[in-house]
Every structure is written in structure tokens, then in C-alpha cells.
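First the proteins, then the strands, lettered A, B, ... as listed; each starts at 1.
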Number of protein chains: 2
Amino acid sequence: MGAMAPKVSTAATRAALLEAAREEFASYGVAGARVDRIAERAGVNKERIYGHFGSKEKLFDAVIAEALDDLTARIALPGTDPVDYVARLTDYYRTHPDLVRLLMWEALNYRGQDLLPGQEDRVGRCARKNASLAGGMGRTPSAETGRLLFTLTGLALFPSMMTQLARIMLGDAADDHDAMREQVSAFVAAALK
Amino acid sequence: MGAMAPKVSTAATRAALLEAAREEFASYGVAGARVDRIAERAGVNKERIYGHFGSKEKLFDAVIAEALDDLTARIALPGTDPVDYVARLTDYYRTHPDLVRLLMWEALNYRGQDLLPGQEDRVGRCARKNASLAGGMGRTPSAETGRLLFTLTGLALFPSMMTQLARIMLGDAADDHDAMREQVSAFVAAALK
DNA sequence: TCCGGGACCAACTGAACAGTTGCAATCCAA
DNA sequence: TTGGATTGCAACTGTTCAGTTGGTCCCGGA
């Protein structure tokens, strides 16, 4: 029983909603996002959001999941060169400000101490990164290498998270992304020497 | 003409509103915050918010300004020991999660390229920190020392911003704040050697 | 003692919003 | 071809929310 083959347009509608939702959530967050605006941007009726995703919050979760899949698909593991890893990650975040904002909204939204269900895949991904980083440095994965991975992630993410602070601290020099990336890379290289 | 001496309770009402608003905004952000809830928490009529601050957004600005004043009053300048500065800053942020969340909401809220009016004091504060850091290292303030200051700020802030990511990456080891602070300090020390 | 003005508040208002409903069009399996 | 199920939609609903209004109370000055 049941529909084996869904409508052709179903997938397209869903994808259009996800894309429109990504923009809307990145701009305004969960509380500030407007369901009507998402539907309008997607050129789709509002009710379809509830048909496909159930609620505004679940749509947000779907957007986050998709963005994270994209990130892991596009960024290689730390591997043998942590310095290069930070540089690549820095560039990726800088060129994907929507993703950065989504991560921030998410961090603010789910502030609980415990992990949400369905995040096991993220734990696994991070464990793999940790293993890759440790292996590249000729060490075994540990809390210490984990903290290093966390620190490197922070160094790459922070400039894209706090662009306003960068402008306040650096003035027009905040626009010199190359200089920032090089200086951060040099910082990491010196620290790991 | 004009009230020379405002009512005694006026200042108390205002302070109660600011404190209630700080909690509410830290929890829910500007869009998610509820004016009625702030008034209730403060034990004050909602209308007083508009009498004192004019609007929800302006109340948010007042909360931010107060929190930043508090931060600069309590944290000494980088001075001669950048490593110690990062450690102190890390502790301050970790023990003031509301401030960290406010900074994040603010960063997400004002995403414009240009500085908002009335942020000249922040620019001045950062310039002073930059001068202090550069002086402590026997150098003159420059874009390079500014970027270093920015990086150090990031290292201190990031663990308190992304506690959920820390939990995902580190598991229970995320609770070991001392280890994190020490490892970050060592990282900075090695980088600046 | 009376007056003017500011602090304060309960109740109100109009708009915005998340989510729903009832129905038409479409598709696929038999 | 037909029938059951699914996509899609316009209009609707009940609620929630930021901001307002009209009035009372209290204080300090004359």
C-alpha cells in the first residue's frame, strides 16, 4: 500500500522550502523567522511546510542537518597538516556566512547540558576528525587532542562569527581576510612547533 | 520647571527592569524575548519599559551597554602578560554565560557592515586594549597587534560560546574547564614564544 | 492647602503570527 | 476507467504580542 512513487514536484517543493528556510533562519533565527516569508520565498503554499516538516522548529532542524552534511562533505579531515586545515576551514566559513549564522542560532537555541537525540552522527564525525588530527601528529586521540581540535575550530570560526567585533577592533583592516588567515595560520604553526 | 529630583523608586524600577531584561534577552534573544515577561520578572508594569527605554530594541541596547561596561570595569588590560590575559578572560566569560549569550545575540542582530552610531566608546576601549597589548610586547599598536588581540579574544570566548560543540567534541571532558584553560594558555604561550 | 507634573498601572487595541481546514486537482494501481 | 490517496492551495482561526491609553497616586513647591 502507500504511495511508492511520490509526485515529481514533491522533491522540488521540499528543496525550495529548505533553501528559502536556510536564508530566512540564517537572517532572523528561529524566533525571528516568519513562516509566511519562507513560503513566499520558496513560491510555495505555507501549508506545505507543515506537510513536509511538521513545524517551524523541525524545519530548522532539517536546515541545520543539511548544512552540516554539506560542511563535512566539502572539508577534508585535518590529516597531516593542522595549519592547512585551519586555513581551509577559515576560508570555508568566511565564504559561507549563512552556515556560521545558523551554527550560532543553533548554539543559542539548544543550550541544554545534554546532547539532543539524533546527534550521534555529529559525535561520530567529530571523533573521526579527532582521530585524523591525532594521527597526523603521530599521537593517539585523547581529550587533549580533542581540545586542540576544538581550539583550531574556534580559531577558524571566530573571525566569521564576530565580524562586527572585528570591525570595532580592526577598523578597515577587518576587510583584509588574507592577512587574518595568514596571521592565524602563523599563530597555529608557532604554537604547534 | 523640570523635575530636579526624580522619584526615589524611579532608579530602582529602572534597575529592576534592566536586570530582568538581561536575563530574558540572554535566554531568548531580541526576537524571542517577551516584554510582558520582562515586566513580570521585574515586578513592574509593562508600560514602564516604554517610559524608561522607549522600545524593546532600545532596552536591549541598554542591556548590552551595561554588560560591556561591567566587563571592561572588571577585566584588566592585557598588559605585560598576554597569556595571563587570555586565562583571566576565559574565566570571566565562563562564569558569565549571560554576557556571552548577549554578545552572540547582538552579533547576530546587527550584521551590517558599518558601525552603528554610538559605538565610538567600544572602538576606544579596543584601541586601549590594543595599545596595552602592543606595549606589553615591546611593540607599537598596529593592525597586526590588533589581529592578535582579536585572536586572543576568540580563544577566550569560543569555549563559552560553543558549549554544545564542546560537549559533542569532548564528551564529559567538556566539563574540565581547568584543563581547557591550561591547554589554551599553553597554546598561546607557545605561539608567542 | 492646593496645584502641577512625573511615576505608575490595569485594561485595552490592532496587527502579526503559527498552525488548520475543506476542497480541487493530480496521479497511480488495478 | 475508476477509486483511493496524495499534493497543493486559499481562506480562515485563535492566540500572542508590542505598544497605547486614560486615569490614580504621590511628591514638592507655592
Visitor: With a 4.0 Å heavy-atom cut-off, tell me which residues in residues 42-53 of chain B come close to DNA chain D, sorted by residue number.
Guide: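 The stretch gives B/Lys46, B/Glu47, B/Tyr50 as the residues lying under 4.0 Å from the strand, ordered by number.
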Visitor: If you look only at distance, which donor and acceptor atoms sit under 3.5 Å apart when one is on a side chain in residues 59-71 of chain B and the other is two or more places apart or in another chain?
Guide:
residue	atom	partner	partner atom	Å
B/Asp61	OD1	B/Tyr110	OH	2.6
B/Asp69	OD1	B/Arg125	NH1	3.0
B/Asp70	OD2	B/Arg74	NE	3.0

Visitor: Given atom NZ of A/Lys56 and atom C1' of C/dG19, what is their separation to the nearest angstrom?
Guide: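 Roughly 11 Å, once rounded to whole Å.
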Visitor: Under 3.5 Å, sequence neighbours excluded: what are the donor-acceptor pairs made by side chains of residues 89-100 of chain B?
Guide:
residue	atom	partner	partner atom	Å
B/Thr90	OG1	B/Val86	O	2.7
B/Asp91	OD1	B/Arg181	NH1	3.0
B/Asp91	OD2	B/Arg181	NH1	3.2
B/Thr95	OG1	B/Asp91	O	2.8
B/Thr95	OG1	B/Tyr92	O	3.1
B/His96	ND1	B/Tyr92	O	2.8

Visitor: For B/Ala186, enumerate each residue passing the side chain to side chain contact (heavy atoms under 4.5 Å, CB included) test, keeping only those at least two apart in sequence or located in another chain.
Guide: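 Here no residue qualifies.
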Visitor: Using a strict heavy-atom distance below 4.0 Å, which residues from residues 13-28 of chain A are in contact with DNA chain C?
Guide: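 Those residues: none at all.
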Visitor: Does any donor atom in the side chain of B/Ser27 or A/Arg111 lie under 3.5 Å from an acceptor atom in the other side chain?
Guide: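 A donor-acceptor contact under 3.5 Å links the two side chains.
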Visitor: Identify every side-chain donor-acceptor pair in residues 19-26 of chain A under 3.5 Å, counting partners at least two apart or on other chains, and give the distances.
Guide:
residue	atom	partner	partner atom	Å
A/Glu23	OE1	A/Arg41	NH1	2.8
A/Glu24	OE1	A/Arg37	NE	3.3
A/Glu24	OE1	A/Arg41	NH2	3.2
A/Glu24	OE2	A/Arg34	N	3.0
A/Glu24	OE2	A/Arg37	NE	2.8
A/Glu24	OE2	A/Arg37	NH2	2.7

Visitor: Does B/Ala189 have any side chain to side chain contact (heavy atoms under 4.5 Å, CB included) partners at least two apart in sequence or in another chain, and if so, which?
Guide: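 Result, side chain to side chain contact (heavy atoms under 4.5 Å, CB included) vs B/Ala189: B/Val83.
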Visitor: Under the side chain to side chain contact (heavy atoms under 4.5 Å, CB included) test, which residues partner B/Glu57, sequence neighbours left out?
Guide: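 Only B/Val30, B/Ser55 meet the side chain to side chain contact (heavy atoms under 4.5 Å, CB included) criterion with B/Glu57.
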Visitor: Please enumerate all residues that pass side chain to side chain contact (heavy atoms under 4.5 Å, CB included) together with B/Glu40, with sequence neighbours excluded.
Guide: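 By the side chain to side chain contact (heavy atoms under 4.5 Å, CB included) rule, B/Glu40 matches no residue at all.
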Visitor: Please list, one pair per line, the donor and acceptor atoms closer than 3.5 Å that link side chains of residues 45-54 of chain A to other protein atoms, with sequence neighbours excluded.
Guide:
residue	atom	partner	partner atom	Å
A/Asn45	OD1	A/Glu47	N	2.8
A/Lys46	NZ	A/Asp36	OD2	3.4

Visitor: Going by atom type alone, with no hydrogens or angles, which donor-acceptor pairs under 3.5 Å involve a side-chain atom of residues 132-142 of chain B and a protein atom two or more places apart or on another chain?
Guide:
residue	atom	partner	partner atom	Å
B/Ser132	OG	B/Gly79	N	2.8
B/Ser142	OG	B/Glu144	N	3.2
B/Ser142	OG	B/Thr145	N	3.3

Visitor: Below 4.0 angstrom, which residues in residues 32-41 of chain A have at least one non-hydrogen atom near DNA chain C?
Guide: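 Nucleic-acid contacts, sorted: A/Ala33, A/Arg34, A/Val35, A/Asp36.
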